[in-house]
Structures are given as structure tokens and as C-alpha cells.
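Shown next, in C-alpha cells, is the structure this report addresses.
In what follows, every heavy atom counts, from backbone to side chain, and hydrogens, waters and symmetry copies are set aside.
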Amino acid sequence: MLDSITHSTFLPNTMVCEPLMSWTELFGTTEDYYPSFDHQPVCNSFWTSVHPEHWSKHDVCEWLQFCCDQYKLDANCISFSHFNINGFQLCSMTQEEFTDAAGVCGEYLYFILQNIMTNDNDKACLRTGGMKSQESHSHGLQSSHLWEFVRDLLLSPEENCGVLEWEDREQGIFRVVKSEALAKMWGQRKRNDRMTYEKLSRALRYYYKTGILERIDRRLVYKFGKNAHGWQENKL
DNA sequence: CCTACTTTTCCTGTTT
DNA sequence: GAAACAGGAAAAGTAG
């Protein structure tokens, strides 16, 4: 009900860099589409090989530049003076602070950064078999409800992969484009490989009662309700 | 441990 | 016929 605006990690990140599941596992083999993987260059870059906490001021600056190019963000809406900081400081910025410093772009930047940190964490976990739980706590990364997961995916151009798509950005109407893929992603988040769209959608339907979602008569189309927050474009 | 709340699982029936 | 949608019920998971 009154969750703070804890933004979760996007999914454990699967497809960027070291996939936990193969594409075919994740999206099925019988699919007719092919991944539009023009988002991938995050891979193998400095940004994912060195934990953001260790970035220098210069690195942070470069990262902003990189994001603008890569994700087509308008550099003009970024107040670079707010980002004259090192990686450690960057990591401790809240989503609100990102928004203050760069508006909508800030929101994306925040998500991109969270994403990188999550990847890092996951990789470390895989190698060492368990990382200090501190890191995952520092940004409320572990807590995500289904609707927040969906919201974050919608706000995350680099993770989305066309699984979800805005139908009407202003009204918060969106469409599930690849239902089973979404279910797999959610399942991976919850470490539940038995998740299906059938079951996920049941959970979504419960949101109608609580006003997190509003009913839309079209198949695979949902709308954020009055009790959902954090999806609007200009509002924090 | 208890409670409240969310999500998962399963199911039967309906609609597209 | 295949996918989705609808909800009821109950079990399981989680936060506090």
C-alpha cells in the first residue's frame, strides 16, 4: 500500500552479458521474431566490468555521455553539474535525486545504473556463491512486487526487449507483447521456473481490486490505476 | 509465533 | 482449437 519508492533491480539480468538462460530458453524456440539486440553494447564495456562504486568522476562523466548516445537521451536535460561526482556518490543517489538532476532522463539513468549494479552483483554471486548482503540492501534492490517489476520493465528501454510496450504513455496504458517471455522474466526474478503467463496474469487481475491496475477490455492490455506510482513520465 | 497481505497454483467456465 | 480473461479457493511466501 504505502511502499516507499523502492525501486527494484530489473530482472536479474539475464540477457545482458552473462545470460542465466539462453535466448531460446527464455523466449521459446518456436518464436517467429528475432531479438532486436541493438541494445546490447552495454556488454563488455568498461561500465559493466568495473563496479560503478569504483568509477572516478571522469568515468561518471563518460558514462553519462555513453548513455546519451546509446539510449538516445537528450543531453540537454542533464544537469552535468549535479554529476560532478565519483562513482561511489553516484551509487548513493536516490531515484529522486536522479530525477532532480536530469528529469525524465534521470529516471532512465537511475534504472540503467541499478541495472549495471545488479548485473555486477549477480556475477559476483555466481562466482563466490553469495555476496555480502549489504550491497543488495543498499538500494532496496530485492523488494519488488509484480506491478513494480512490470513498471520498471516499461521504464527500462534496455531491458525490455519488446516484451512490454506502452500503448498510451500518458494514461499508463501498456501492452504485454510477449506474454510467455514476460512470465519467464518474472519467474527468473522470483527464482521460480514454473511461472507462466497464466499464473502471472492471475496476480495482475488481483490488482484490479486494489487500484494498482485498471481494467481495459483489450487482450493483453493493462492500465496503471490510481494506486500505482512511479510510472508517469514527468512526475517523480 | 501471529497477522496481514501478496503471489502462486489449480481449476472451471467464458470469450476472443 | 489455442490463448486470454475471470475469479474462487486454498496454499505458499513475506514483511513486520
Side-chain angles (χ1 to χ4, degrees), chain A residues 1-14 20-21 23-36 94-96 111 114 117-118 121-122 125 129-156 159-168 171-232:
Chain A
M1 308 284 149
L2 28 102
D3 326 42
S4 51
I5 314 200
T6 48
H7 270 291
S8 41
T9 61
F10 294 98
L11 66 164
N13 286 321
T14 52
L20 299 174
M21 300 175 77
W23 184 267
T24 47
E25 273 176 291
L26 192 57
F27 294 95
T29 47
T30 60
E31 289 310 333
D32 34 336
Y33 62 86
Y34 236 75
S36 52
T94 63
Q95 192 195 353
E96 289 69 36
F111 288 131
Q114 295 307 312
M117 292 198 285
T118 310
N121 239 349
D122 284 351
C125 285
M131 185 117 189
K132 42 233 164 177
S133 55
Q134 218 181 8
E135 273 186 72
S136 35
H137 281 179
S138 54
H139 297 280
L141 294 180
Q142 278 316 51
S143 72
S144 176
H145 288 154
L146 174 57
W147 74 271
E148 294 173 305
F149 172 78
V150 167
R151 173 197 61 191
D152 295 348
L153 220 41
L154 277 161
L155 296 175
S156 166
E159 270 309 322
N160 197 314
C161 292
V163 164
L164 291 170
E165 185 173 283
W166 287 111
E167 192 99 313
D168 186 321
Q171 294 194 68
I173 300 174
F174 60 93
R175 187 156 41 96
V176 177
V177 182
K178 306 183 199 314
S179 58
E180 285 310 313
L182 177 66
K184 289 274 170 54
M185 286 170 158
W186 175 236
Q188 203 168 290
R189 162 61 72 83
K190 298 291 290 291
R191 298 173 190 287
N192 174 1
D193 53 348
R194 298 174 310 284
M195 183 49 58
T196 62
Y197 179 70
E198 183 79 32
K199 293 186 280 191
L200 182 153
S201 63
R202 180 67 189 95
L204 289 179
R205 288 196 291 277
Y206 273 127
Y207 287 139
Y208 294 145
K209 278 204 301 191
T210 55
I212 297 291
L213 292 180
E214 277 175 39
R215 185 162 257 141
I216 291 293
D217 65 331
R218 281 174 297 153
R219 299 187 126 199
L220 298 168
V221 178
Y222 299 85
K223 178 183 194 300
F224 286 117
K226 56 179 71 70
N227 292 327
H229 59 255
W231 56 268
Q232 289 106 131

Sugar-phosphate, base or nothing in reach of A:Tyr197, heavy atoms under 4.0 Å: sugar-phosphate
Residue A:Tyr207, side-chain atoms from C-beta onward, closest of B:dT6, B:dC10, C:dA6: B:dT6
Position toward the 5' end of DNA chain C (nearest nucleotide), A:Ser179 or A:Lys209: A:Ser179
Which nucleotide in B:dT8, B:dT6, B:dT15 has an atom nearest any side-chain atom of A:Arg219: B:dT15
Side chain A:Asn192, main chain A:Gly187, donor-acceptor under 3.5 Å: no
Base C:dA6 to side chain A:Arg202, donor-acceptor N/O within 3.5 Å cut-off: no
Touch class at under 4.0 angstrom, heavy-atom based, for A:Leu200 against every strand present: nothing
Nucleotide nearest A:Lys199 when distance is taken to its side chain, options B:dT9, B:dT7, C:dA4: B:dT9
A:Trp166 and A:Trp231 aromatic ring geometry - parallel, tilted or perpendicular at 30°/60° bounds: tilted
Side-chain touch A:His229/A:Trp147, heavy atoms, less than 4.5 angstrom: yes
C:dC5 OP1/OP2 closer than 4.0 Å to side-chain N/O of A:Arg218: no
Polar pair under 3.5 Å, donor/acceptor by atom type, side chain A:Arg205, base C:dG8: no
Nearest-nucleotide 5' precedence on DNA chain B, A:Ala203 against A:Glu198: A:Ala203
Distance below 4.0 Å between A:Trp186 side-chain N/O and B:dT8 OP1 or OP2: yes
Along DNA chain C (nearest heavy atom to each residue), the more 5'-positioned of A:Ser201 and A:Tyr206: A:Ser201
Minimum-distance pair of heavy atoms, taken over all atoms of A:Glu167 and A:Arg218: OE2-NH1, 2.6 Å
